[in-house]
Chemist: 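I have a structure I would like to understand better, so I am pasting it below and will then ask my questions one at a time.
Numbering of ligands and ligand atoms starts at 1, following listing order.
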Amino acid sequence: MHKLFFDVPEGATEITVEGEDFAHLTVLRIKAGETVTVSDGVSRCYTATAESFSKKGAVFSLSNPRPFEVESDVKITAYCALLKSGKSDGVIQKAVELGAAEIVLFQSKNCVAEASSEKGDRKLERWNKISRQAAMQSGRDIIPNVRGVISFKEMIAELKTKDISMFLHEKAEYSSYELLSKSLKVSTIGFAVGPEGGFTDSEADEATSNNIPLISLGKRILRAETAPLCILSICGALFE
Ligand code: SAH
């Protein structure tokens with residue numbers, strides 16, 4: 001069954017879907033009489049039946065309001081260094097599938113890609129569209145927010161406020177499993193992954209001096225686009 005995201009006013013038993021959401025129904029070939037799952041993206045899911053279609057919109061009746069079904073109690077924020085040539089797109093798509101609550105892009109010294117402000121807004125719009133598509137495809141209850149590009153310092157300041165924070169580093173000795181399996185009762189997790197060229201030593205020192213542990217994902221060096229997916233899978237196995 002399709003999972004769709006619509007704004008649902010409090011207590012509504014019927015909604016009219018117009019604009020882009022309506023166009024999307026056409027793409028999915030949803031017809032009158034068909035039932036889909038709708039999430040309001042905030043706190044509730046509904047069973048929604050397409051009652052009627054006009055040129056401009058579709059009317060759905062809503063039943064069986066219920067709490068979110070697939071979101072984990074642990075909110076994971078993925079801090080990912082900006083990657084070159086559109087590689088961040090793939091990371092965002094797969095991080096959404098693997099349950100990240102939020103994805104934040106940051107600039108680090110070895111980033112090949114530069115965050116430029118005029119192109120930045122368009123990129124952010126594209127990244128949030130990718131997140132929305134991936135959330136629908138994978139049946140998420142929320143559309144994870146994608147934001148950034150923030151500075152390395154801002155990333156560290158945010159990361160250290162999480163119940164568990166991890167600075168992923170290929171030379172680290174402390175394993176993610178060791179850290180996470182000791183702390184199963186947490187509500188927020190954040191991790192940072194460096195760019196293609198890795199973090200600089202002074203960036204790693206800055207994490208350590210902010211009490212953020214350097215964490216290993218094993219003895220092999222993973223690509224910048226593989227590491228976030230690896231740690232998200234480990235979190236999924238431990239917390240879901
Ligand atoms: N500096 C290296 C590797 C960069 S890999 C080089 O150029 O050879 C890109 C990022 O993936 C790293 O900054 C780190 O955050 C993450 N990463 C890759 N392998 C890892 C591992 N084995 N453990 C933890 N993090 C890893």
Side-chain angles (χ1 to χ4, degrees), residues 74-115 123 127 130-131 134 144 146-184 186 188-239:
V74 184
K75 300 249 163 304
I76 305 174
T77 305
Y79 292 94
C80 302
L82 189 62
L83 303 182
K84 63 179 174 187
S85 47
K87 280 191 185 157
S88 296
D89 293 15
V91 172
I92 290 163
Q93 183 194 56
K94 289 168 181 62
V96 170
E97 289 169 28
L98 290 168
E102 188 184 29
I103 299 137
V104 185
L105 284 305
F106 69 93
Q107 191 84 47
S108 126
K109 285 218 182 72
N110 285 337
C111 277
V112 178
E114 275 282 336
K123 267 195 190 159
W127 288 331
I130 291 172
S131 174
V146 185
R147 61 188 171 84
V149 178
I150 63 173
S151 68
F152 181 84
K153 274 204 178 335
E154 288 169 319
M155 182 278 285
I156 291 288
E158 286 192 22
L159 186 55
K160 68 181 188 187
T161 66
K162 308 293 177 193
D163 296 340
I164 298 180
S165 53
M166 296 177 276
F167 190 91
L168 298 177
H169 199 284
E170 59 283 3
K171 291 194 190 117
E173 281 174 8
Y174 193 23
S175 92
S176 57
Y177 181 79
E178 212 178 322
L179 171 73
L180 294 166
S181 55
K182 274 202 305 220
S183 12
L184 291 175
V186 294
T188 57
I189 295 177
F191 65 81
V193 172
E196 290 90 344
F199 286 119
T200 63
D201 289 346
S202 73
E203 286 175 329
D205 289 345
E206 197 164 336
T208 312
S209 63
N210 277 280
N211 295 322
I212 302 169
L214 305 196
I215 296 294
S216 163
L217 292 174
K219 291 178 184 147
R220 294 157 300 277
I221 295 179
L222 308 178
R223 283 183 185 246
E225 60 265 44
T226 311
L229 312 182
C230 176
I231 188 68
L232 282 165
S233 307
I234 293 170
C235 290
L238 285 165
F239 293 95

Chemist: Return yes when atom CZ of Arg223 has more than 12 non-hydrogen atoms of other residues, nucleotides or ligands closer than 6.0 Å, and no otherwise.
Modeler: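 It does not: Arg223 CZ has 12 such atoms or fewer within range.
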Chemist: In the protein, which heavy atom is nearest to atom 10 (C) of ligand 1, and how far is it?
Modeler: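 Of the protein heavy atoms, Gly194 O, 3.7 Å lies nearest.
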Chemist: What's the shortest distance from atom 23 (N) of ligand 1 to any protein heavy atom, and which residue and atom give it?
Modeler: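 Residue, atom and distance for the closest contact: Leu217 N, 2.8 Å.
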Chemist: Does ligand 1 have an atom under 4.0 Å from some heavy atom of Gly218?
Modeler: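 It does; at least one heavy atom falls under 4.0 Å.
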Chemist: Within less than 4.0 angstrom of ligand 1, does Lys219 place any heavy atom?
Modeler: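 False for this residue.
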Chemist: Could you identify the single nearest non-hydrogen protein atom to atom 12 (C) of ligand 1 and state the distance to 0.1 Å?
Modeler: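 Sorting protein heavy atoms by distance from atom 12 (C) of ligand 1 puts Glu170 OE1, 3.4 Å first.
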Chemist: Around atom 8 (O) of ligand 1, find the nearest protein heavy atom and jot down its residue, atom name and distance.
Modeler: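 Checked against all protein heavy atoms, atom 8 (O) of ligand 1 sits closest to Ile221 CD1, 4.2 Å.
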Chemist: Quick check: closest heavy atoms across Pro144 and Ala100, and the distance to 0.1 Å?
Modeler: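 Minimum heavy-atom contact is CG-O, 3.4 Å.
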Chemist: Do me a favour and list the nearest non-hydrogen protein atom to atom 19 (N) of ligand 1 with residue, atom name and distance?
Modeler: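 The protein heavy atom lying closest is Leu222 N, 2.9 Å.
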Chemist: Under 3.5 Å between any N/O of Ala224 and any N/O of ligand 1: does that happen in this structure?
Modeler: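 By distance alone, the answer is no.
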Chemist: If you count the non-hydrogen atoms of other residues, nucleotides and ligands that lie under 6.0 Å from CZ in Phe239, is the total more than 12?
Modeler: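 Atom CZ in Phe239 is packed in, count exceeds 12.
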Chemist: Is the side chain of Ser233 donor-acceptor paired with the backbone N or O of Leu229 at a distance under 3.5 Å, no angle test?
Modeler: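 Yes, Ser233 side chain to Leu229 backbone: donor-acceptor pair under 3.5 Å.
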Chemist: Applying a 4.0 Å heavy-atom criterion (strictly less than), which segment of Ile215 is in contact with ligand 1: side chain, backbone, both, or neither?
Modeler: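 The part of Ile215 near ligand 1 is the backbone, not the side chain.
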Chemist: Going by the atom numbers of ligand 1, which of them fall below 4.0 Å from some non-hydrogen atom of Glu196?
Modeler: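 So the atoms of ligand 1 that pass are 4 (C), 7 (O).
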Chemist: Do me a favour and list the nearest non-hydrogen protein atom to atom 17 (N) of ligand 1 with residue, atom name and distance?
Modeler: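 Scanning the protein heavy atoms, the shortest distance from atom 17 (N) of ligand 1 goes to Ala227 CB, 4.0 Å.
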Chemist: Ignoring hydrogens and angles, tell me if any N or O in the side chain of Glu225 forms a donor-acceptor pair with the backbone of Gly90 under 3.5 Å.
Modeler: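 Checking the backbone N and O of Gly90 against the side chain of Glu225, no donor-acceptor pair under 3.5 Å is found.
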Chemist: At under 4.0 Å between heavy atoms, is it the side chain or the backbone of Pro195 that contacts ligand 1, or both, or neither?
Modeler: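 Only the backbone of Pro195 comes within reach of ligand 1.
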Chemist: I need the nearest protein heavy-atom contact for atom 14 (C) of ligand 1: residue, atom name and distance, please.
Modeler: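 The closest one turns out to be Leu168 O, 3.3 Å.
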Chemist: Counting non-hydrogen protein atoms only, what is the nearest one to atom 25 (N) of ligand 1? Give residue, atom name and distance.
Modeler: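 Residue, atom and distance for the closest contact: His169 N, 3.3 Å.
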Chemist: Is the Phe106 ring parallel, tilted or perpendicular to the Phe199 ring (thresholds 30°, 60°)?
Modeler: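 Phe106 vs Phe199 ring planes: parallel.
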Chemist: With a heavy-atom distance limit of 4.0 Å, tell me whether Arg220 approaches ligand 1 through its side chain, its backbone, both, or neither.
Modeler: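 Under 4.0 Å from ligand 1, Arg220 contributes backbone atoms alone.
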Chemist: Looking only at heavy atoms, what is the nearest atom pair of Ser176 and Ile234, with distance?
Modeler: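 So the two residues come closest at OG-CD1, 3.5 Å.
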